[in-house]
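Take a look at the structure below.
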Amino acid sequence: MTRTLAAEAAKHVGKTILVRGWLHKKRLLGGLNFIVIRDRSGLIQVVIKDEQEVEKLRGLQIGTVLSVNGQVKKEPRAVGGAELHDPKFEIEVEVSDEPPVEIDKPLSHKPENLDTLFDNRAIGLRNLNEQSIFKIQAEVEESISRYLKSQDFIKFNSPKLLPGATEGGAEVFRLDYFGKEATLAQSAQFYKQIMVGVYERVFEINPTYRAEPSATTRHMTEFITIDAEIGFVDLDELLDLLSNLVNSVVDAVWQKYEPELKDWNATKPVLSAKLPALTMADIHKKYSQATGEDTTKELDLIPKEERWICDYAAKNLGSEAVYVTEWPVADAKFYHKLYNDRPKLAERFDLLFRGVEIATGSMREHRYDKLVKQLKEKTGASPDDAGFKYFLQAFKYGLPPHGGFGMGLERLTEQLIGLNNVKEATLFPRDINRLAP
RNA sequence: GGGGCUGUGGAGCAGCGGAGUGCUCGUCUCCCUGUCACGGAGAAGGUCGCGGGUUCAAGUCCCGUCAGCCCCGCCA
């Protein structure tokens, strides 16, 4: 007999079907007994009266893999409107150990319990609420791909093992590479720019690695970045594209997973079609005036400012996401393009969403001579270093004006759902204290 | 790296100087024919993170240490 999924059972009322899955819940009442089976489609309840069949289940723990033949009965009292009667069980994988966490009710996401949550991740993820986080995340990823492809982007993959030299800023992981030193990619930056010379519009969704000793609710040592790069654009077009992308992702995810999002008490983000943009100087000024704390000397936004300006934008600009533009050159990377008329400012932006930075982007310096000059000034490195040489080659042989952005998949998921820690939106988080599971 | 907070059966918590570490969930046994956070009766399961100290008496107070979390810094 071919397998029928739990969610499809209601279509087979009166017929005998085969369901395969995991024992999710046992309620043995005596003469009348219920169990719930979980498969990839969801849950189905089985009603057991036959004592011999009940005996097969005795001693088996949640997680037991089993298959069951049973007759589908329409039953409004059961989840999904149908349940299985007169079941015959076959135990496929017997589980006799009690699971370390209960998976049939919500798991604790309190900060002090996250350690337990992650230590038991392999089992805890079977919880339907945990599952929903990563279904939502999968749709975030899918909808990003769909939107970018609809705009003529080509998806590609860049290498994550790189020769020593780096773009500066974050610390990188160093590792032995057959006697030479290699690093783990801190971004897809150089490769996506190189690919602009090939396809004009490219993106990838892959892991990136940072060896920062950060212990916060926003940072991990490994995370997934959506890296996009676009040729023949200016800053306004770039900001518009990202605005449209974010709006389209929010719509897609809410359309597909509204019940799951509401289970997490999520609210649909209020976003303007064109996300509002405020300059760094303006935000410092507004924040300093509102709070009395002077941040006008800061290069970047401090975390409190990020939260404050998001509140401000939600209340005054009709958007829970807001761009920060016009970054001081002192905080710019060597590949950032500076404003022609204001060389103290870079054409860089961050996108803040619900108090957290979810994306960063910029126009890139595409003129070879200027780029080499900025490289030398900013990093002190030689253009002949293996880490820069091939990147620069792309410019020497013609890259158009271009720009792009990197967006954190886990941070976006976290903020869409309303979680408090980016690790909760990560299947198997990696941070300064955790390397397993 | 700096500051703060927290470590108590498998999970989540209470106890904060004094009788026998208590509760909820889970597990096991028994009862239960519509449960769905089932209900009822009983049972098992603890080096109270670890090491010192104070005290007649220490999960409880002090010191150290380890682990985790939160904030700051770094960073995205």
Side-chain angles (χ1 to χ4, degrees), chain A residues 24-36 43-51 54 58-63 73 75-80 83 85 95-120 123-124 127 167-172 186-189 208-227 298-304 306-307 324 331 333 348-353 356-362 405-412 414 420-424 431-434:
Chain A
H24 191 71
K25 185 70 189 172
K26 245 195 322 188
R27 289 187 204 93
L28 306 184
L29 308 187
L32 185 64
N33 306 280
F34 301 91
I35 67 163
V36 176
L43 304 178
I44 185 165
Q45 178 164 272
V46 184
V47 183
I48 314 143
K49 294 179 184 172
D50 184 346
E51 218 168 283
V54 176
R58 213 165 281 283
L60 295 179
Q61 298 290 337
I62 304 308
K73 284 255 167 75
E75 178 50 82
R77 286 174 294 189
V79 198
E83 60 187 14
H85 285 243
V95 175
S96 50
D97 292 318
E98 183 187 352
V101 289
E102 292 167 60
I103 61 162
D104 63 319
K105 55 191 74 165
L107 300 175
S108 173
H109 277 245
K110 284 169 64 177
E112 53 269 43
N113 297 331
L114 289 182
D115 204 36
T116 309
L117 187 71
F118 298 139
D119 279 345
N120 298 301
I123 310 306
N127 179 284
E167 56 192 85
E171 285 294 314
V172 295
Q186 70 178 108
S187 80
Q189 189 61 39
T208 32
Y209 302 90
R210 307 277 166 94
E212 293 296 331
S214 301
T216 78
T217 54
R218 315 182 290 287
H219 294 93
M220 297 188 288
T221 51
E222 179 183 69
F223 57 100
I224 309 287
T225 311
I226 298 103
D227 263 301
E298 298 278 344
L299 292 178
D300 199 346
L301 297 181
I302 63 173
K304 270 189 279 185
E306 293 183 344
R307 294 188 284 269
V324 185
D331 203 27
K333 300 250 176 89
R348 176 191 167 183
F349 64 89
D350 271 9
L351 178 60
L352 308 182
F353 175 47
V356 169
E357 176 194 330
I358 58 161
T360 183
S362 78
F405 58 84
M407 184 153 62
L409 177 65
E410 297 92 341
R411 282 190 182 181
L412 178 55
E414 175 203 1
N420 296 311
N421 190 319
V422 70
K423 290 156 207 164
E424 295 169 66
D431 66 23
I432 189 164
N433 295 317
R434 180 174 287 278

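Values in this document were obtained by computation on a predicted structure and should not be read as measured data. So that the names make sense, note that chain A is the first sequence line, chain B the second, and so on, each numbered from 1.
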(message) Could you tell me how far apart A:R77 (CZ) and B:rC38 (P) are, to the nearest whole angstrom?
(response) 17 Å
(request) May I ask you to decide whether A:R434 forms a salt bridge with A:D119, counting only side-chain N to carboxylate O separations under 4.0 Å? (result) yes
(request) Starting at CD1 of A:I224, measure out to CG of A:D227 and round the result to the nearest 0.5 Å. (result) 11.0 Å
(message) Return whichever of A:D431 or A:K304 has its heavy-atom-nearest nucleotide of RNA chain B closer to the 5' end.
(response) A:D431
(message) Rounded to whole Å, please give me the gap between NE2 in A:H109 and P in B:rC69.
(response) 15 Å
(message) Quick check on contacts: within residues 24-31 of chain A, what sits under 4.0 Å from RNA chain B by heavy-atom distance?
(response) A:K25, A:R27, A:L28, A:L29, A:G30, A:G31
(request) Sticking with atom C1', work out how far B:rC30 lies from B:rC70, rounded to a whole angstrom. (result) 47 Å
(message) Please give the distance between the P atoms of B:rC63 and B:rG3 as a whole number of Å.
(response) 14 Å
(request) Considering only atom C1', compute the distance from B:rG9 to B:rG22 and round it to an integer number of Å. (result) 12 Å
(request) For B:rG15 and B:rC48, measure between their C1' atoms and round to the nearest Å. (result) 11 Å
(message) Quick check on RNA chain B: between A:I302 and A:N420, whose nearest nucleotide comes earlier from the 5' end?
(response) A:N420
(message) With rounding to the closest Å, how many angstrom separate the P atoms on B:rG68 and B:rU60?
(response) 22 Å
(request) Determine the contact category for A:P213: base if any of its heavy atoms lies under 4.0 Å from a base atom, sugar-phosphate if only primed atoms, P, OP1 or OP2 are that close, otherwise nothing. (result) base
(request) For nucleotides B:rG17 and B:rA58, find the distance between their P atoms and express it as a whole number of Å. (result) 14 Å
(request) For A:R218 and B:rC74, give me the distance from atom CZ to atom C1', rounded to whole Å. (result) 11 Å
(message) Can you tell me which nucleotide in B:rC71, B:rU27, B:rC69 comes closest to the side chain of A:T217?
(response) B:rC71
(message) Roughly how many Å apart are B:rG2 and B:rG26, using the P atom of each and rounding to a whole number?
(response) 44 Å
(request) Searching all strands shown, indicate the nucleotide that pairs with B:rG17 (Watson-Crick or G-U wobble; both distances under 3.5 Å). (result) none
(message) Which nucleotide, if any, forms a Watson-Crick or G-U wobble pair with B:rU6, using both distances under 3.5 Å?
(response) B:rA67
(message) With a 3.5 Å limit on both atom pairs, tell me what B:rA41 is paired to, counting Watson-Crick and G-U wobble, or say none.
(response) B:rU29
(request) For the side chain of A:R307, starting at C-beta, report the closest nucleotide among B:rG10, B:rC72, B:rC74. (result) B:rC72
(message) For a quick check of understanding: with a heavy-atom distance under 4.0 Å over all strands, which category does A:T225 fall into, base, sugar-phosphate or nothing?
(response) nothing
(request) Report yes if at least one side-chain N or O of A:N433 is closer than 4.0 Å to OP1 or OP2 of B:rC69; otherwise report no. (result) yes
(request) Look at the side chain of A:E83 and decide which nucleotide, out of B:rC74, B:rG34, B:rC69, has an atom nearest to it. (result) B:rG34
(message) How long is the straight-line distance from OG1 of A:T225 back to CZ of A:R411, given to the nearest 0.5 Å?
(response) 10.0 Å
(request) Write down the distance between CG (A:D119) and P (B:rG7), rounded to a whole number of angstrom. (result) 18 Å
(request) Could you work out which one of B:rC25, B:rC70, B:rC74 sits closest to the side chain of A:E102? (result) B:rC25
(request) Tell me the partner of B:rU55, counting only Watson-Crick (N1-N3 plus N6-O4 or O6-N4) or G-U wobble (N1-O2 and O6-N3) with both under 3.5 Å; none if nothing fits. (result) none
(request) Taking only the side-chain heavy atoms of A:P303 (C-beta and beyond), determine which of B:rC74, B:rU33, B:rC72 contains the nearest atom. (result) B:rC72
(request) Check the distance between B:rC28's P and A:R58's CZ and give it to me in whole angstrom. (result) 9 Å
Check: protein-nucleotides 13-15 of chain B nitrogen or oxygen pairs below 3.5 Å:
unit_1	atom_1	unit_2	atom_2	d
B:rC13	OP1	A:K110	NZ	2.4
B:rC13	OP1	A:N113	ND2	3.0
B:rC13	OP2	A:N113	OD1	3.3

(request) Return the value, rounded to whole Å, for the distance between atom CD1 of A:I48 and atom P of B:rC36. (result) 16 Å
(message) From the set B:rA11, B:rG34, B:rC69, return the single nucleotide nearest to any side-chain atom of A:V101.
(response) B:rA11
(message) Without decimals, in angstroms, what is the distance between A:R434 CZ and B:rA67 C1'?
(response) 11 Å
(message) Between P on B:rC74 and CD1 on A:I432, what's the gap in Å once rounded to a whole number?
(response) 15 Å
(request) For B:rA44 versus B:rC16, give the span between their P atoms, rounded off to a whole number of Å. (result) 26 Å
Output a table of nitrogen or oxygen pairs between the protein and nucleotides 42-44 of chain B separated by less than 3.5 Å.
none

(request) Once you apply the 3.5 Å cut-off to both distances, tell me the Watson-Crick or G-U wobble partner of B:rU24, or none. (result) B:rA11
(request) Answer yes or no: side-chain N or O of A:Q45 and base N or O of B:rU35 forming a donor-acceptor pair under 3.5 Å. (result) yes
